[in-house]
Chemist: 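Take a look at the following structure, please.
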Amino acid sequence: MDATDQKRLLREMLFARRFEERCAEAYHERQIGGFLHLYPGEEACAIGVLEKAQTGSDYVVTGYRDHIHALKSGMDPKALMAELFGKEAGCSKGRGGSMHLFDPDVHFMGGYALVGGPFPLAAGFAKAIQLRGGQEISICFLGDGANNQGTFHETMNMASLWNLPVLFICENNLYGIGTAIERSTVEINQYKRVAPYGIEAAQCDGQDIDIVMAHAEKAVNHVREQRKPYFLELMTYRLRGHSMSDSGAYRSKEEVEEWAQRDPIGIYKRRLVEAGVVTEDEFHAMDKAIQDEIENEVVRYAIECPEPRVEDVARYVYTEGGNNHG
């Protein structure tokens with residue numbers, strides 16, 4: 001990877017961080033309603049994995065901490081922010097909000113609020129690819145807290161039995177809302193849980209984007225070339241609470257500080273500075289340019305977009321303009 005790509009990845013992670021921080025501000029300003037689950041601390045996961053995928057071609061599905069997966073898949077940041085603001089120009093016409101982003105044009109097939117819900121959907125996309133003889137793959141991001149759902153085991157079984165081209169990415173941030181993984185799960189190493197289904201799996205550091213990309217490349221190649229499932233567990237940590245209503249009081253300050261020292265942006269920035277790829281001044285200029293873009297283009301667009309019309313409240317509930325087949 002050359003210096004241009006390294007700078008781009010650094011910028012993408014920093015953009016993700018500033019985007020999420022601005023979302024938190026907008027939530028406190030009551031410009032964003034409903035639920036809001038943010039991603040700071042985990043940027044290397046979504047960005048590192050999807051860097052090795054064929055974005056816009058491969059199908060991506062995830063849970064409700066979905067903003068950055070959508071952005072890296074190719075969703076317009078303006079359409080994403082407009083959706084969070086509940087505007088008609090949003091990717092889901094202002095009707096989905098943070099937990100239900102969707103953009104089939106870039107094959108981002110949705111974030112879903114139902115824990116464990118994305119598993120069978122990802123398998124379904126993979127089965128559709130298989131049936132039509134496509135070369136795409138399906139990529140399912142999941143959290144460690146979803147893996148005790150029945151859909152996890154049912155999907156792993158069928159994905160292996162049918163040799164589906166689906167990649168499962170477990171972002172293990174050690175907590176299911178406020179419950180530590182060791183208090184809810186016997187086997188805390190999630191990649192080991194797919195062994196009974198004959199699925200090849202691995203675990204790696206999710207805070208270092210270079211490590212993530214190396215493992216993601218192997219995983220993606222396995223699924224794309226062998227047309228079989230793969231399970232990759234990324235050990236990561238969210239630096240904020242589970243949602244905006246979560247103070248994170250169940251975690252010690254020492255634990256949070258320890259993980260903050262392994263901030264994926266900090267790790268990558270230091271590496272690039274030491275290698276002479278970017279200077280401190282260039283990094284700060286990049287940061288300012290990102291914040292200006294988010295404020296003056298993305299947020300302004302969301303603010304200025306029209307609200308959905310009251311008379312359209314029932315739109316998109318039923319298929320429009322098609323034939324009914326009873």
Side-chain angles (χ1 to χ4, degrees), residues 37 39 41-42 44-46 48-49 61-66 69 112-123 126 137-208 211-212 214-220 222-223 226 228-239 241-243 246 248 250-252 254-256 258-259 262 264:
H37 304 82
Y39 204 61
E42 302 183 33
C45 297
V49 168
V61 61
T62 185
Y64 46 76
R65 200 181 307 277
D66 55 351
H69 307 79
Y112 294 88
L114 186 64
V115 175
F119 295 119
L121 293 174
I137 67 173
S138 175
I139 304 175
C140 179
F141 287 87
L142 53 126
D144 54 282
N147 295 347
N148 289 331
Q149 298 292 321
T151 51
F152 173 84
H153 300 280
E154 293 163 3
T155 302
M156 297 303 149
N157 180 62
M158 298 311 296
S160 183
L161 181 65
W162 290 346
N163 291 323
L164 298 182
V166 54
L167 171 58
F168 298 101
I169 303 292
C170 177
E171 299 173 327
N172 187 347
N173 62 27
L174 310 180
Y175 289 90
I177 306 181
T179 302
I181 188 171
E182 62 267 20
R183 296 183 61 195
S184 64
T185 306
V186 173
E187 177 53 74
I188 62 174
N189 294 298
Q190 299 299 286
Y191 78 104
K192 294 182 179 180
R193 301 181 72 183
V194 301
Y197 306 110
I199 296 176
E200 189 167 337
Q203 180 191 75
C204 75
D205 179 7
Q207 302 303 92
D208 188 325
I211 293 175
V212 171
H215 281 78
E217 184 171 28
K218 176 183 176 182
V220 167
H222 173 94
V223 177
Q226 299 192 31
K228 292 183 177 181
Y230 193 97
F231 187 98
L232 177 60
E233 179 182 15
L234 307 177
M235 303 306 296
T236 187
Y237 197 81
R238 51 176 167 78
L239 296 176
H242 170 74
S243 66
D246 177 15
Y250 47 85
R251 305 187 298 188
S252 69
E254 292 76 16
E255 177 184 299
V256 175
E258 180 181 349
W259 277 94
R262 303 211 68 251

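The first residue in the sequence is number 1, and the count goes up from there. Keep in mind that what you see is a predicted model, and the values were worked out from it rather than measured.
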Chemist: Are L142 and Q190 side-chain neighbours, meaning at least one heavy-atom pair lies under 4.5 Å?
Modeler: no

Chemist: Measuring from atom CE of M235 to atom CG of D208, what distance do you get when rounded to the nearest 0.5 angstrom?
Modeler: 15.0 Å

Chemist: Could you tell me which non-hydrogen atom of S184 sits nearest to which non-hydrogen atom of T179, and how far apart they are?
Modeler: CB-CG2, 4.1 Å

Chemist: Which heavy-atom pair separates T62 from D66 by the least distance, and what is that distance?
Modeler: CG2-CB, 3.6 Å

Chemist: Should the pair F152 and F119 be assigned to parallel (<30°), tilted (30 to 60°) or perpendicular (>60°) ring geometry?
Modeler: perpendicular

Chemist: Would you say the side chain of R193 lies within less than 4.5 Å of the side chain of N148, judging by non-hydrogen atoms?
Modeler: yes

Chemist: Which heavy atom of P264 sits nearest a heavy atom of A44, and at what distance?
Modeler: CB-CB, 3.8 Å

Chemist: Hey, does V115 have a side-chain heavy atom less than 4.5 Å from the side chain of Q149?
Modeler: yes

Chemist: Quick one: pull up CD1 in I181 and CG in N189 and give me the separation to the nearest 0.5 Å.
Modeler: 8.0 Å

Chemist: Step by step, would you call K228 with V223 a side chain to side chain contact (heavy atoms under 4.5 Å, CB included)?
Modeler: CA-CA 5 Å; K228 292 183 177 181; V223 177; over 6 Å; no

Chemist: Could you check if a side-chain atom of Y39 sits within less than 4.5 angstrom of a side-chain atom of C45, using non-hydrogen atoms only?
Modeler: yes

Chemist: Report the distance from atom CG of L232 to atom CZ of F141, rounding to the nearest 0.5 Å.
Modeler: 9.5 Å

Chemist: Can you give me the closest heavy-atom contact between A122 and V61, atom names plus distance?
Modeler: CB-CG1, 3.5 Å

Chemist: Do you know the tightest heavy-atom contact between V166 and A159?
Modeler: CG1-CB, 4.0 Å

Chemist: State, with a plain yes or no, whether a side-chain heavy atom of V49 is found less than 4.5 Å away from one of L234.
Modeler: yes

Chemist: What pair of heavy atoms forms the shortest contact from C204 to I211, and how long is it?
Modeler: CB-CG2, 4.0 Å

Chemist: Ignoring hydrogens and angles, state whether a donor on the side chain of N172 or E233 is under 3.5 Å from an acceptor on the partner side chain.
Modeler: yes

Chemist: Taking the side chain as every heavy atom from C-beta outward, state whether S138 and L167 have any atom pair closer than 4.5 Å.
Modeler: no

Chemist: Quick one: does Y237's side chain get under 4.5 Å of V256's, heavy atoms only?
Modeler: yes

Chemist: Which value, rounded to the nearest 0.5 Å, describes the distance between Y64 atom OH and H242 atom NE2?
Modeler: 3.5 Å

Chemist: Give me the ring orientation class for F231 and F168: parallel if the planes are under 30° apart, tilted from 30 to 60°, perpendicular past 60°.
Modeler: tilted

Chemist: Between I169 and H69, does the side chain to side chain contact (heavy atoms under 4.5 Å, CB included) criterion hold? Intermediate values first, please.
Modeler: CA-CA 12 Å; I169 303 292; H69 307 79; over 6 Å; no

Chemist: Could you state the interatomic distance from CE (M156) to CD1 (I199), rounded to the nearest 0.5 Å?
Modeler: 5.5 Å

Chemist: Sub-3.5 Å donor-acceptor pair from the side chain of Q207 to the main-chain atoms of G41, do we have one?
Modeler: yes

Chemist: If we ignore hydrogens and angles and just use 3.5 Å, is the side chain of Y175 paired with the main-chain N or O of G248 as donor and acceptor?
Modeler: no

Chemist: Do the rings of Y197 and H153 sit parallel, tilted or perpendicular, given the 30° and 60° boundaries?
Modeler: tilted

Chemist: Does the side chain of R65 come within less than 4.5 Å of E171's, by heavy atoms?
Modeler: no

Chemist: Out of curiosity, R251 CZ to W259 CH2, how far, rounded to the nearest 0.5 Å?
Modeler: 10.5 Å

